[in-house]
Amino acid sequence: MSTLQIERIDTFSGHRGPVYALENGVDSLFYSSGSDGWVVQWNLAKPDLGKVIAQIEGSVYAMKLDASGILWIGHNYEGIQGIQVADQTQVFAIPTKGLSIFSISFVGSNAWIGHNEGLITVVDIATKSVVKHIKASSTSARCFSVLADNRVAVGYSDGFVRVFNAEYQLVRDFKAHDSSVFSLQSRGEELYSVGKDARIKRWSNDFQLLNEVIGHIYAIHDIQFSPDGKWFATASMDKTVKVWESDTLTLRKVLDASRHGGHKNSVNKLIWSSFDDLLVSASDDKNLSVWKIQ
């Protein structure tokens with residue numbers, strides 16, 4: 001078994017509170033936001049050049065960049081703001097008064113937005129009009145993963161994953177974790193899930209459990225695959241990032257403060273950029289760390 005080499009490339013600082021949201025941009029760009037409401041554009045090729053492109057009231061837990069270069073920003077309890085990243089202008093606003101926004105995902109021509117109280121709002125990307133409200137639980141819709149045939153797997157705070165078809169009908173539900181499902185990612189025909197119970201689970205295309213491991217000491221907030229799908233990384237409340245073999249769920253590296261100069265508080269979000277295969281982690285310590293894993 002080959003040894004993975006880990007190098008911390010840089011640490012980005014500048015946020016004034018915990019960082020909850022990350023989103024890949026074009027080429028070497030990416031975006032971060034969190035409790036301070038600042039939306040910052042970073043360049044992995046020039047790590048000292050962070051630029052605030054939007055500043056809003058309240059926390060941001062979710063962002064998504066669409067094909068036209070508009071960053072959809074989940075403004076907690078207020079709605080979605082659309083910022084054209086090229087010139088930092090606001091181009092639309094969709095109110096969702098009183099609702100948390102935990103996740104945004106693009107499914108075909110629609111955006112799916114996950115809220116508290118089990119509500120999902122489906123919005124037409126082109127017109128910004130609400131297409132559908134979906135409510136299949138009384139607990140928060142925390143995360144999405146787009147499957148084949150425009151089916152959508154949704155992770156909820158009650159530990160269930162619920163699967164909807166292209167007509168928004170619930171076609172499958174199953175208990176995936178003991179409590180909240182915080183992140184879902186698909187790889188080929190398989191689905192991977194992580195949650196508050198600190199477990200990593202791998203599911204077949206018909207949602208049978210293939211294998212699972214206890215991944216961390218505390219809740220796992222996010223899971224992200226490397227661009228080639230060979231590895232995945234997990235981010236946890238236990239202050240660590242871990243790197244795993246996708247096929248076997250074998251732990252290969254632990255990125256922490258003592259061994260690699262990692263985070264000093266809960267790690268909330270990850271992106272694995274196709275730019276030089278760099279992994280970015282965001283934390284309650286207000287910092288972003290950039291990792292080269294090879």
Side-chain angles (χ1 to χ4, degrees), residues 21 61-64 66 72 74 76-77 79-80 94-212 219-225 232 269:
Y61 295 109
M63 299 186 295
K64 196 71 176 175
D66 71 18
W72 293 50
N76 219 24
Y77 301 116
I80 303 290
I94 303 169
T96 57
K97 288 289 186 180
L99 291 172
S100 297
I101 298 172
F102 294 117
S103 187
I104 304 168
S105 185
F106 296 143
V107 186
S109 61
N110 293 328
W112 287 49
I113 302 162
H115 304 291
N116 54 321
E117 299 180 355
L119 185 66
I120 299 169
T121 303
V122 181
V123 175
D124 183 274
I125 294 173
T127 66
K128 312 303 185 291
S129 58
V130 174
V131 174
K132 187 80 172 177
H133 291 298
I134 303 171
K135 187 175 175 66
S137 171
S138 60
T139 64
S140 299
R142 300 301 302 245
C143 55
F144 299 113
S145 182
V146 182
L147 309 176
D149 303 321
N150 275 351
R151 292 175 302 149
V152 183
V154 186
Y156 288 82
S157 290
D158 60 5
F160 274 78
V161 171
R162 296 177 171 90
V163 181
F164 300 88
N165 64 17
E167 287 75 44
Y168 318 113
Q169 297 168 322
L170 178 64
V171 294
R172 184 69 184 271
D173 65 338
F174 58 97
K175 183 75 169 179
H177 291 266
D178 291 340
S179 51
S180 295
V181 182
F182 285 143
S183 185
L184 294 169
Q185 292 290 332
S186 59
R187 172 179 173 262
E189 294 187 345
E190 296 177 352
L191 182 69
Y192 291 65
S193 64
V194 298
K196 191 175 181 179
D197 61 6
R199 292 181 178 271
I200 304 167
K201 299 192 179 186
R202 176 173 166 240
W203 307 89
S204 67
N205 61 354
D206 59 351
F207 310 113
Q208 300 301 306
L209 183 63
L210 297 174
N211 55 339
E212 66 174 297
I220 304 175
H221 293 143
D222 200 13
I223 176 172
Q224 294 292 327
F225 284 96
F232 67 85
K269 197 69 177 176

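Scored by the side-chain hydrogen bond (donor to acceptor under 3.5 Å, both in side chains) test, Ser138 finds no partners at all (sequence neighbours excluded). In terms of the side-chain hydrogen bond (donor to acceptor under 3.5 Å, both in side chains) criterion, Glu117 has no residue partners (sequence neighbours excluded). Under the rule for a side chain to side chain contact (heavy atoms under 4.5 Å, CB included), the partners of Thr96 that lie at least two apart in sequence or sit in another chain are Leu99, Ile101, His115.
Rounding to the nearest 0.5 Å gives a distance of 9.5 Å between CD of Gln208 and CG of Asn205. In this structure, CD1 in Ile104 is found 11.0 Å from OG1 in Thr121, a value given to the nearest 0.5 Å. For the atom pair Ser157 OG and Phe102 CZ, the distance stands at 6.5 Å (nearest 0.5 Å). Residue Ile223 holds its CD1 atom at 10.5 Å from CZ of Arg187, rounded to the nearest 0.5 Å. Atoms CZ and CG, on Arg199 and Asp178 in that order, are 7.0 Å from each other to the nearest 0.5 Å.
Nearest heavy-atom pair across Ser186 and Leu147 is CB-CD2, 4.0 Å. When all heavy atoms of Ile94 and Val123 are compared, the closest pair comes out as CD1-CG1, 3.8 Å. Considering every non-hydrogen atom in both Ala62 and Ala21, the closest pair reads N-CB, 3.9 Å. Considering every non-hydrogen atom in both Asp124 and Val131, the closest pair reads N-CG2, 3.6 Å. Nearest heavy-atom pair, Ser193 versus Leu184, reported as atom, atom and distance to 0.1 Å: CB-CD2, 3.4 Å. Here the shortest heavy-atom pairing between Ile120 and Ala141 reads CG1-CB, 4.0 Å.
Environment of NZ in Lys201: crowded, with over 12 heavy atoms of neighbouring residues, nucleotides or ligands closer than 6.0 Å. Summarising the local packing, NZ of Lys132 is surrounded by 12 or fewer heavy atoms from other residues, nucleotides or ligands at distances under 6.0 Å.
Among residues at least two apart or in separate chains, side-chain hydrogen bond (donor to acceptor under 3.5 Å, both in side chains) pairs with a member in residues 102-112 are Asn110-Tyr168. The ring pair (Phe, Tyr, Trp, His ring centres under 6.0 Å) analysis of residues 116-164, with sequence neighbours excluded, yields no pairs. The ring pair (Phe, Tyr, Trp, His ring centres under 6.0 Å) pairs that include a residue from residues 182-210 are Phe174-Trp203, Phe174-Phe207, Phe182-His221, Tyr192-Phe225, Tyr192-Phe232, where partners are two or more places apart or lie in different chains.
Donor-acceptor pairing under 3.5 Å is recorded for the side chains of Asp222 and Ser183.
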Q: Report the C-alpha distance between Val181 and Cys143 in whole Å, list the side-chain angles of each, state the deciding distance to 0.1 Å, and finish with yes or no for side-chain contact (heavy atoms from CB on, under 4.5 Å).
A: CA-CA 7 Å; Val181 182; Cys143 55; 4.0 Å; yes

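Side chains of Lys196 and His177 form no contact here, defined as non-hydrogen atoms less than 4.5 Å apart.
Judged by distance alone, with hydrogens and angles left aside, the side-chain atoms of Arg172 form a donor-acceptor pair with the main-chain N or O of Asp206 at under 3.5 Å. In terms of modelled atom types and a separation under 3.5 Å, the side chain of Asp158 and the main chain of Thr139 share no donor-acceptor contact. At distances below 3.5 Å, at least one donor-acceptor pair connects side-chain atoms of Asn116 with backbone N or O atoms of Ser100.
Between Phe106 and Trp72, the ring-plane angle classifies as perpendicular under the 30° and 60° cut-offs.
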